[in-house]
Every structure is written in structure tokens, then in C-alpha cells.
S.K.: 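Following this message is one structure expressed as C-alpha cells.
Residue indices begin at 1 and follow the sequence shown. Keep in mind that what you see is a predicted model, and the values were worked out from it rather than measured.
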Amino acid sequence: MIPTRAAPRRLPLVATLFVVGLALPPEASIALGGLRLSGYRLVLIAVLLPAAWRTFQRPASRALRAVDLLAVFHGLWSGLSLGLHPAAGGVEAAGIYVIESSGAYLLARAYVRDAEDLRAVFRFAIVLLLFLLPFALVESVTGVHVIRDLAKAVFGGPSAHAMERRFGLARAFASFDHPILFGMFAATAFAFSVEGLPGRVRGHPWPFLRSGLVGTAVVASVSSGAFAAVGFVLALRLWERLTRAFLGRWKVLLYAFGAMWVLIALATPRSPVKVFVSYLTFSPGTGYARLGIWDYGFAEVRRHPLIGIGLGEWARPAWMASSSIDNFWLATAVRYGAPASLALVLAVGLLARAISATPSPSAPPAWRRAFGFALAGLCLGGSTVHFWNALLSLFCFLLGAGGSLVARPAPTRAPLSPMRTPSARPLLVSA
């Protein structure tokens, strides 16, 4: 009898609505007072309490439960910081941040249950991205914001703001708030396309074509963060291919990064962070601006280490006209305090350790690598760009989805007491 392949898992409806909501144009939002309720925010508000209940009533390992608590702590601490700064919008801004961060994490933990669900999520995300790609290419060449302009004509609202061209290309928004958001969404899909999906159709040209198309979407965004993420994913995949026959190859890579960090610290007057940040840019001018952001932003963290400054202006020289902090990890510490940023760093580290130490039996190695590459790419890209709105929720959703790759604890059985052993019935023997 010829074995039949199981049909692909259907994506849970809640996760489907969330991914679609991420890609809806900002014009397709509901205004409620001073709040902008976009599609993904409405989904997160609707499922926040059920997702929290499902997450914490389901058994989990100690390491994964620690990640859960850190992710929730990050949202609550950041919300507290915003609530304590009147200039930040008070309770409304605090509630939205908790929903976008902890809410997205809990949704993934509750509804992305195993590796098959994770596969279904990002297969759907890639399909959605390929649908957006033709519009992004037209936008990149002509500068016409096709989707955003159409959404404005239907729903009203402001147009997509003008941005400078890079390498002769307009930076594509597609349906997102900013080219950075579109580029990082595409970079995350790229990791799963090149590592997680090709094995299903080995020997067929479609996986290579698909990855090329997803990479083209990254190019259309012309975002340094997305480029850095894709480059890091490709470097990690090359390392995996070259060292597949060696045990402990990932530990060797970590030791190599550590040695490089120490070497840079000893050989240059600048810190390793400044060296890496300055080179992850498109131009020397941008690199110089990123160094200024790090210097003055970190000084702000030292002045306000616990609850940050909220959404208020941060102290910087007059020549730094933009208030943007192009570093997610630094911006989080500046806005919400060092505990908020450290909680996310610890959550990422503990999750990576849990996946490598106790992987789920249902999670193929290729999908564990794909998830690790995607998360590593986002973390590196976050050192050059800020995560906000849909991109913040995407990052927290990905972090929560990683729980599907960790083995659940074995159910405990009550030991049989020797004082209450069941007695055997006497056998009746008939003559």
C-alpha cells in the first residue's frame, strides 16, 4: 500500500486574521477617540483574555514559562512607564502598547500550538507577501503608492509621506505604515522560505523562485534593517551547510562571535556596539548619525534607568533634528526603561536555549533552524531600525510562536502507594 502524505495543516482562524491585519493599510482603521484601531489591534483586543487563559493553563516547561512571564512583564512595565508620563498619552497609549506587545505574544502562544501551525502561519505570510509584491515593485519604480492611495480613496486619511530615493529606487510601503515595516516583514518571511519550506518540494525549482521573489520584496523596501537581516540569514544558512558534518557547530559560531567582540573591544577605541551599528548602514553619514543616536540615547538611559522618558523628546544636540531612535533595543530602554529592554533580551535568550535543549519531537530540525534564523535576523535588524506598530507585534508574535518548538513537560502520574496495592481475587476452580 502506497503511503499518502498528510494534508497541510490549516491555519487557525485567529492567526489568519492577525496576519491579514498586519498587512492591512493604516487607512483601513477605525478611529475611536484618540485611538487608531487597525485590523491587527482589533484582533488582539478580542482575543487578549482568552489567549492569556489558554497560555497559562496549558502545561509548559520552566524555561518556557519564564519566557511567558518576561514577555508579559515587558508589556506591563512599558505600559506602566507610558502611564506615568502624561506626554505619552497616558492610559490609552499604555493599553495599546500592552496589546501590541504582550497581546501578540500571548496570541501566538495560545493558537500556534505546534510546528505544523508555525509552518501554516508563515506559509500564509509568504503567500500574502507574494500578493503584495507586484504593487511594491510598481511603487518602487514609479514612486506611486498604489495600495495606500487606493485605501485613501476608499477610507480617507493622510497619504503615505514622501521619502528619499535610494539607489534610484523609491522605498516601497506596499500596504504598511513605513518601508521599514514592509522590509522587515519580508525579511522574516525570507528566513522561513529559504530554510523551512524547500524540503517539502526538494528538486523542484519553485523554492528557489519563491525565495527570490521574497528577496525582491526586501529590495523594494530599500531598508538597511531588512538588508542586514537577510544578509545575516544567508550567512547563518551558509554556515549550517558548510559545517553540517560537525558536532557543536553552533557553539563554535557563538565562541567566534565572542572572540570577535573581544578583539574589536581591544583593538579599537570605539565599543563593539558602535562598530557594528556604524557598518550596518547605507552611507557614512547615516553611520555617523547612528553613532550619535547611541551616545545620546544611552546617556538618556543612564539618566532615566527605570521608567524611561515615555514618548517625550530625548536630549540631543541641535544637529540631530530627527527624534527617531533607529535602534529597537536602545529605543525601548530610552522610552520605557532598562527593565523593559532587558526583559526582551532575556526572553530571546531563554527561548533560544529552550528550543535547542528540549526541542519538541514534532518540530523538524529545518523548522527550528528557520525560526532561529528569522529571530536572529529580526534581532540584528532591530539594532539599526525601530520596531513599532505592526512590526512590534510581528516581533512579539514570532517570539511567542517559538513556544511551539519547545517540548511540553511529560504528564506526572501519582505514584502507587505500597500500602494500597490492589489484592488479587481468588481463582475459582471447578472440578
S.K.: Do Asn327 and Thr384 come close enough that some side-chain heavy atom pair is under 4.5 Å?
M.R.: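 No, side chains not in contact.
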S.K.: Going by the angle between their ring planes, with limits at 30° and 60°, are Phe173 and His145 parallel, tilted or perpendicular?
M.R.: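 Judged by the thresholds at 30° and 60°, the geometry between Phe173 and His145 is perpendicular.
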S.K.: Any non-hydrogen side-chain atom of Pro12 less than 4.5 Å from a side-chain atom of Arg113?
M.R.: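 In short, these two side chains touch, coming nearer than 4.5 Å.
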S.K.: Under the side chain to side chain contact (heavy atoms under 4.5 Å, CB included) rule, collect the residues that match up with Leu42, sequence neighbours excluded.
M.R.: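 Leu42 satisfies side chain to side chain contact (heavy atoms under 4.5 Å, CB included) with Ile30, Leu37 only.
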S.K.: Starting at OH of Tyr111, measure out to CZ of Phe18 and round the result to the nearest 0.5 Å.
M.R.: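 Nearest 0.5 Å value for the OH-CZ distance: 13.0 Å.
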S.K.: Between Ser393 and Glu100 (side chain of the first, backbone of the second, donor and acceptor by atom type, cut-off under 3.5 Å), is there such a pair?
M.R.: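 Yes; judged by distance alone, with no hydrogens or angles, the pair exists.
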S.K.: Exactly one of Phe176, Phe190, Phe397 should register a ring-ring contact (aromatic ring centres under 6.0 Å, His included) with Phe185. Which one does?
M.R.: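 The option that passes is Phe176.
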S.K.: Output yes when a side-chain donor or acceptor of Arg368 lies under 3.5 Å from a complementary backbone atom of Ser356, and no otherwise.
M.R.: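 It does not hold such a pair.
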S.K.: Salt bridge (Lys or Arg N to Asp or Glu O under 4.0 Å) between Arg369 and Glu195: does it pass, once the steps are laid out?
M.R.: CA-CA 7 Å; Arg369 290 195 302 269; Glu195 186 63 30; 2.7 Å; yes
S.K.: Begin with the C-alpha distance, continue with both residues' side-chain angles, and end with the deciding distance and a verdict on side-chain contact (heavy atoms from CB on, under 4.5 Å) for Arg41 and Arg36.
M.R.: CA-CA 9 Å; Arg41 287 179 177 176; Arg36 180 174 68 88; 4.1 Å; yes
S.K.: Taking the six-membered ring for Trp, are the ring centroids of Trp367 and Phe192 within less than 6.0 Å of each other?
M.R.: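 Yes, they do, as the ring centres are separated by less than 6.0 Å.
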S.K.: Under 3.5 Å, is there a donor-acceptor pair between the side chain of Ser140 and the main chain of Ala136?
M.R.: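 Looks like no, no N/O pair under 3.5 Å.
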S.K.: Going from OG on Ser175 to CZ on Phe131, what distance comes out if it is rounded to the nearest 0.5 angstrom?
M.R.: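 It is 9.0 Å, given to the nearest 0.5 Å.
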S.K.: Is any side-chain heavy atom of Val154 less than 4.5 Å from a side-chain heavy atom of Glu27?
M.R.: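 Contact flag for Val154/Glu27 side chains = no.
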S.K.: With distance as the sole test, does Arg210 use its side chain to make a donor-acceptor pair with the main-chain N or O of Val127 at under 3.5 Å?
M.R.: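 No, the answer is negative, given that no donor and acceptor are paired below the 3.5 Å cut-off.
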S.K.: Taking all non-hydrogen atoms of both residues into account, name the closest pair between Cys379 and Val348 and its distance.
M.R.: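 Shortest heavy-atom contact: SG-CG1, 4.1 Å.
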S.K.: Hey, could you give me the CZ/CG distance between Phe371 and Leu399, rounded to the nearest 0.5 Å?
M.R.: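 It comes to 6.5 Å.
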S.K.: Check whether Trp314 forms a cation-pi arrangement with Arg316 (NZ or CZ under 6.0 Å from the six-membered ring centre, at most 45° off the ring normal).
M.R.: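 The answer is yes; both the distance and angle limits are met.
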S.K.: What about the rings of His74 and Tyr97, do their centers lie closer together than 6.0 Å?
M.R.: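 Yes, they do, as the ring centres are separated by less than 6.0 Å.
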S.K.: Can you confirm whether Arg303 is buried at CZ, in the sense that more than 12 heavy atoms of other residues, nucleotides or ligands lie under 6.0 Å from that atom?
M.R.: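 For Arg303, atom CZ is crowded (more than 12 foreign heavy atoms under 6.0 Å).
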S.K.: To check you understand the geometry: which heavy-atom pair defines the closest contact between Ile180 and His386, and what is its length?
M.R.: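 Result for this residue pair: CG2-O, 4.3 Å.
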S.K.: Can you measure from CD1 (Ile99) to CG (Leu44) and round to the nearest 0.5 angstrom?
M.R.: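 Reported to 0.5 Å precision, the distance equals 7.5 Å.
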S.K.: Just wondering, more than 12 heavy atoms not from Phe298 lying within 6.0 Å of its CZ?
M.R.: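 No - once you tally the heavy atoms of other residues, nucleotides and ligands closer than 6.0 Å, there are 12 at most.
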S.K.: If I compare all heavy atoms of Ala15 with all of Val121, which pair ends up nearest, and what's the gap?
M.R.: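 In this case the closest contact between Ala15 and Val121 is CB-CG2, 4.3 Å.
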S.K.: Is it the case that atom CG in Leu247 sees more than 12 heavy atoms from other parts of the structure closer than 6.0 Å?
M.R.: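 At most 12 heavy atoms, drawn from other residues, nucleotides or ligands, come within 6.0 Å of this atom.
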S.K.: Considering all heavy atoms of both residues, which atom of Ala354 and which atom of Val406 are nearest to each other, and what is their separation?
M.R.: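 The pair with the smallest heavy-atom distance is CB-CG2, 4.1 Å.
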S.K.: Which atom names give the shortest non-hydrogen contact between Pro50 and Ala46, and what distance separates them?
M.R.: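 That closest heavy-atom pairing would be CD-O, 4.0 Å.
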S.K.: May I have the step-by-step check of side-chain contact (heavy atoms from CB on, under 4.5 Å) for Leu181 and Phe387, ending in yes or no?
M.R.: CA-CA 8 Å; Leu181 277 65; Phe387 296 170; over 6 Å; no
S.K.: Looking at Gly75, is its backbone amide N or carbonyl O close enough to the side chain of Ser78 to form a donor-acceptor pair, meaning the two atoms are under 3.5 Å apart?
M.R.: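 Side chain of Ser78 to backbone of Gly75: no pair is present.
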S.K.: Please lay out, stage by stage, how Glu240 and Arg237 fare under the test salt bridge (Lys or Arg N to Asp or Glu O under 4.0 Å).
M.R.: CA-CA 5 Å; Glu240 195 277 331; Arg237 190 166 190 264; over 6 Å; no
S.K.: Working to the nearest 0.5 angstrom, can you tell me the gap between Ile325 CD1 and Glu300 CD?
M.R.: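 Reported to 0.5 Å precision, the distance equals 8.0 Å.
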S.K.: Test your reading of the model: is there a side-chain donor-acceptor pair from Ser61 to the backbone of Leu64, 3.5 Å cut-off?
M.R.: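 Answer holds: yes.
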S.K.: Side chains of Phe56 and Leu106: closer than 4.5 Å at any heavy-atom pair?
M.R.: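 A side-chain contact under 4.5 Å exists here.
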S.K.: For the side chain of Ser360 and the backbone of Leu405, is there at least one donor-acceptor N/O pair under 3.5 Å apart?
M.R.: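 Flag not set: sc Ser360 to bb Leu405 has no pair under 3.5 Å.
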S.K.: Are any side-chain N or O atoms of Asp114 and backbone N or O atoms of Ser404, one a donor and one an acceptor, separated by less than 3.5 Å?
M.R.: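 No, because the side chain of Asp114 does not come within donor-acceptor range (under 3.5 Å) of the backbone of Ser404.
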S.K.: Please give me the minimum heavy-atom distance between Arg109 and Thr55, naming the atom from each residue.
M.R.: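 Smallest interatomic distance, heavy atoms only, reads CB-OG1, 3.6 Å.
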S.K.: More than 12 heavy atoms of other residues, nucleotides or ligands under 6.0 Å from CZ of Arg241: is that the case?
M.R.: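 Yes.
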S.K.: Tell me which one of Leu107, Val19, Asn389, Leu17 satisfies side chain to side chain contact (heavy atoms under 4.5 Å, CB included) with Tyr40.
M.R.: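 When side chain to side chain contact (heavy atoms under 4.5 Å, CB included) is applied between Tyr40 and each of Leu107, Val19, Asn389, Leu17, only Asn389 qualifies.
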S.K.: So, Ser102 side chain and Ala71 main chain: donor-acceptor pair closer than 3.5 Å or not?
M.R.: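 At least one qualifying donor-acceptor pair exists.
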S.K.: Can you tell me how far the CZ atom of Phe182 sits from the CG atom of Leu133, to the nearest 0.5 Å?
M.R.: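 If I round to the nearest 0.5 Å, the distance is 6.5 Å.
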S.K.: Go through Val230 and Leu234 one step at a time and tell me if the side-chain contact (heavy atoms from CB on, under 4.5 Å) criterion holds.
M.R.: CA-CA 6 Å; Val230 166; Leu234 291 176; 4.2 Å; yes
S.K.: Has Tyr296 got more than 12 heavy atoms of other residues, nucleotides or ligands less than 6.0 Å from its OH?
M.R.: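 12 or below, so no.
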S.K.: Begin from the C-alpha positions of Leu82 and Leu311 and carry the test side-chain contact (heavy atoms from CB on, under 4.5 Å) through to its verdict.
M.R.: CA-CA 7 Å; Leu82 289 172; Leu311 300 181; 3.8 Å; yes
S.K.: Quick one: does Trp77's side chain have a donor or acceptor within less than 3.5 Å of a partner on Ala338's backbone?
M.R.: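 Not at all, since once roles are kept as given, no pair shorter than 3.5 Å links the two residues.
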